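Since the model is a prediction, treat every value here as computed from it, not as a measurement.
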Amino acid sequence: MIRAGGVPLLLPVTTDPAVWRSVVVRLDGLLLTGGGDFSAAVMGNLISPLAACTDAERDVSESLLLRLALQRQLPVFGICRGLQLMNLVLGGTIYQDLPSEYPKDLLTHSQKEDKRRPVHEVSLAEGSLLLKLSGKNTLRVNSLHHQAVDRVAPSLRVSAVAPDGVLEAIESPYYPLYGVQWHPEQLLAGGDVSALRLFSYLVEEARLYRQVRTFHEKYISLDSHCDTPMFFPERIEIGRRDSRLKVDLPKMEAGGLDATCMVAYLPQGRRDAEGCAAATAQADATLDELSTQIAKNVERVEQAFVADDVARLKAMGKKAIFMGIENGYAIGRDISNVERFRRKGVVYMTLCHNGDNDICDSAKGENEHNGLSPFGRKVVREMNRVGMMVDLAHAGEKSFYDALEVSRTPIVSTHSSCRALCDHPRNLTDDQIRSLAAKGGVIQICLYEGFLVKDGKSSIEDIVAHIDHVVALVGVDYVGIGSDFDGGGGIPGCDTAEELMHITKALFRKGYTTDMLQKIWGGNFLRVMRQVQAAAE
């Protein structure tokens with residue numbers, strides 16, 4: 001590691017989670033080394049009688065450390081046993097005694113061989129990190145198998161295979177999480193300087209990780225839209241890590257996300273008196289439950305009411321939650337509900353959802369009003385009056401332009417992307433983005449896969465492409481990020497609040513500056529919020 005430019009720190013063995021939580025926040029990368037076989041501590045009752053040199057305390061210690069490192073998105077490199085541990089922790093399995101368990105003939109070699117010299121060749125997978133680092137299709141390696149990967153964990157892929165079919169390397173396709181079955185440090189000691197690349201890559205990624213972490217520690221990061229309250233009927237609690245959720249306080253804390261806008265989402269329903277009353281009641285109940293959950297975790301989070309609350313709470317070590325309403329259906333036909341919801345702390349209301357309502361036509365509606373209805377125009381003016389942001393994320397084009405005309409303050413689109421890159425009616429055209437920017441508004445790029453690419457799987461690069469497009473079109477002052485997590489948003493590699501930092505990493509790689517990132521990560525959105533609230537009567 002020293003030759004690669006890193007500063008190694010040898011970590012002790014401990015099974016105390018509190019100790020590891022205090023340690024992992026100080027690390028920039030993790031190297032998992034080789035060693036003995038795995039014990040019942042990680043193998044359960046499936047421990048092989050042929051397992052040797054087991055150490056249950058080490059197994060528990062390293063498993064705890066690795067899980068915390070993964071939650072914080074640390075770069076991780078596993079060697080031999082370290083590769084196997086990565087695979088086990090992420091849900092894969094291993095052969096505990098390869099000679100007796102492997103279904104095919106194995107390469108002949110002895111564990112007494114000199115590990116400084118290669119003993120066989122491995123083939124590298126197309127598109128793998130190893131292929132990128134080496135520039136070769138094959139490598140000569142020194143893995144002398146006793147244990148090895150059997151079933152690969154779902155989030156990992158194979159990157160190298162031996163001639164006998166044994167898996168020799170695995171990696172994540174989304175971020176720096178990789179491992180090899182062989183011992184590159186021994187090959188390096190034997191004179192193979194190319195083995196240094198595996199360590200140099202970890203150091204380079206650790207440096208970038210520190211740059212990203214420093215940004216999120218120092219500056220505000222805000223996600224303008226998530227639907228987490230939609231899960232309240234399933235008795236979720238935002239203060240606990242919950243696999244059903246993409247946003248909860250532990251994930252915000254691990255990912256360095258300071259603020260999020262949690263909305264009371266209402267699917268479009270009947271618009272008669274009974275239906276409207278039910279919608280209003282549902283919005284109230286959702287917001288009240290959100291208030292209750294915030295109060296239960298007041299030592300870690302508070303409701304934010306104005307833009308400056310975020311910086312205040314960050315300085316206190318707390319997260320900030322803004323309240324929003326997704327679908328103006330929540331107010332029914334009673335315009336007094338606008339002010340009432342604002343008093344609850346609602347900072348924005350999405351005028352409609354997937355269907356026309358009494359306020360306006362939706363991007364996926366029937367063009368009932370040809371834009372804003374007369375009632376909708378009154379609603380926009382009332383939102384201006386009380387200092388509530390107008391959100392046009394689901395609005396049809398005519399509704400969009402009508403709202404721009406009627407509103408005397410900037411508007412937002414809290415979770416939309418660019419139609420020029422992905423032709424979807426929920427995305428904004430270039431003309432819409434120009435018009436939005438001309439009035440000082442902001443488009444928050446949505447991480448919903450179908451809004452990023454038309455066909456196929458999307459990636460972090462696609463998110464960056466949409467941000468790039470807005471920046472090239474109107475400048476960096478009019479774009480942000482609205483994940484739509486827990487409402488369908490999320491892509492592989494950026495699928496929870498703790499993975500949002502990969503956007504920061506990708507933007508740094510593209511040459512975005514800290515000042516630009518501050519604007520994208522909430523500065524632009526909070527500027528609009530300040531303007532809207534300052535203009536309130």
Side-chain angles (χ1 to χ4, degrees), residues 70 73-76 125-133 135 155-157 159 171-178 201-202 204-209 211-213 215-216 221 223-225 246 255-257 413 415-424 426-428 430 433 443-476 478-485 488-514 516-521 524:
L70 294 175
Q73 312 301 302
L74 277 168
V76 180
E126 191 68 33
S128 67
L129 172 64
L130 292 176
L131 186 64
K132 176 182 176 183
L133 293 178
S155 60
L156 302 175
R157 67 183 180 187
S159 51
E171 64 184 44
S172 165
Y174 309 118
Y175 39 83
L177 175 65
Y178 61 106
Y201 179 74
L202 179 65
E204 290 166 8
E205 288 297 323
R207 285 186 179 131
L208 181 57
Y209 178 86
Q211 183 183 14
V212 170
R213 272 291 171 194
F215 173 84
H216 282 276
S221 54
D223 175 2
S224 63
H225 189 91
K246 297 188 177 185
L257 180 66
S413 190
H415 55 300
S416 297
S417 297
C418 305
R419 202 179 301 184
L421 302 186
C422 180
D423 188 11
H424 191 286
R426 273 278 284 105
N427 287 342
L428 302 189
D430 284 359
I433 295 170
I443 174 175
Q444 303 286 109
I445 299 302
C446 182
L447 308 191
Y448 190 87
E449 193 162 52
F451 301 162
L452 293 171
V453 294
K454 191 66 176 176
D455 301 300
K457 292 289 184 181
S458 54
S459 65
I460 297 286
E461 287 70 29
D462 294 310
I463 299 171
V464 173
H466 281 258
I467 293 172
D468 281 342
H469 184 78
V470 178
V471 172
L473 192 67
V474 294
V476 75
Y478 308 102
V479 65
I481 296 163
S483 70
D484 203 13
F485 283 157
I491 65 166
C494 192
D495 199 37
T496 67
E498 60 195 2
E499 293 183 328
L500 284 171
M501 61 185 298
H502 293 302
I503 300 176
T504 311
K505 184 189 296 185
L507 290 171
F508 270 133
R509 286 191 197 278
K510 284 290 298 265
Y512 279 72
T513 66
T514 295
M516 297 171 79
L517 284 169
Q518 286 183 70
K519 293 179 179 182
I520 293 168
W521 268 123
N524 294 332

Compare every heavy atom of [Y] with every heavy atom of [X], then report the nearest pair and how far apart it is.
X      : Y      : value
Gly489 : Asp495 : O-OD1, 4.2 Å
Gly493 : Ile460 : O-CD1, 3.9 Å
Ser221 : Gly256 : OG-O, 2.9 Å
Ser417 : Leu452 : OG-CD2, 4.0 Å
Ser128 : Ala125 : OG-O, 2.7 Å
Glu171 : Leu129 : OE1-N, 3.0 Å

Hey, is Asp423 close enough to Lys454 for a salt bridge, meaning N to O under 4.0 Å?
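Between Lys454 and Asp423 there is no salt bridge, as every charged N stays at least 4.0 Å from the carboxylate O atoms.
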
For Lys505, is there an ion pair with Glu204 - N to carboxylate O distance below 4.0 angstrom?
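Salt bridge: no.
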
Checking Asn427 against Tyr448: is there a side-chain donor and acceptor pair closer than 3.5 Å?
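Per modelled atom types, Tyr448 and Asn427 side chains form no pair under 3.5 Å.
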
For the atom pair [atom1] ([X]) and [atom2] ([Y]), what is the distance rounded to the nearest 0.5 Å?
X      : Y      : atom1 : atom2 : value
Ile463 : Leu507 : CD1   : CG    : 9.0 Å
Leu500 : Ser483 : CG    : OG    : 6.0 Å
Leu70  : Glu499 : CG    : CD    : 10.0 Å
Ile467 : Gln444 : CD1   : CD    : 9.5 Å
Arg426 : Cys446 : CZ    : SG    : 6.0 Å
Phe508 : Leu208 : CZ    : CG    : 8.0 Å

Under 3.5 Å, is there a donor-acceptor pair between the side chain of [X] and the main chain of [Y]?
X      : Y      : answer
Arg213 : Met501 : no
His466 : Cys418 : yes
Asp484 : Leu447 : no

Is there a side-chain contact between [X] and [Y] (heavy atoms, below 4.5 Å)?
X      : Y      : result
Lys519 : Tyr478 : no
Val453 : Cys422 : no
Ile433 : Val479 : no
Phe451 : Ile445 : no
Tyr512 : Asp468 : yes

Classify the ring geometry between His216 and Trp521 as parallel (under 30°), tilted (30 to 60°) or perpendicular (over 60°).
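Answer is perpendicular, since the angle exceeds 60°.
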
Any idea how His502 and Tyr175 line up, ring-wise: parallel (<30°), tilted (30 to 60°), or perpendicular (>60°)?
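It falls in the parallel class, under 30°.
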
side-chain contact (heavy atoms from CB on, under 4.5 Å) partners for Pro492, two or more places apart:
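Once residues adjacent in sequence are excluded, the partners of Pro492 under the side-chain contact (heavy atoms from CB on, under 4.5 Å) criterion are Tyr174, Glu449.
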
List for me each residue that meets ring-ring contact (aromatic ring centres under 6.0 Å, His included) alongside Phe485, sequence neighbours excluded, and say none if there are none.
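Not a single residue meets the ring-ring contact (aromatic ring centres under 6.0 Å, His included) criterion with Phe485.
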
Listed by chain and number, what are the salt bridge (Lys or Arg N to Asp or Glu O under 4.0 Å) partners of Glu498, not counting sequence neighbours?
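Salt bridge (Lys or Arg N to Asp or Glu O under 4.0 Å) list for Glu498, sorted by chain: Arg241.
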
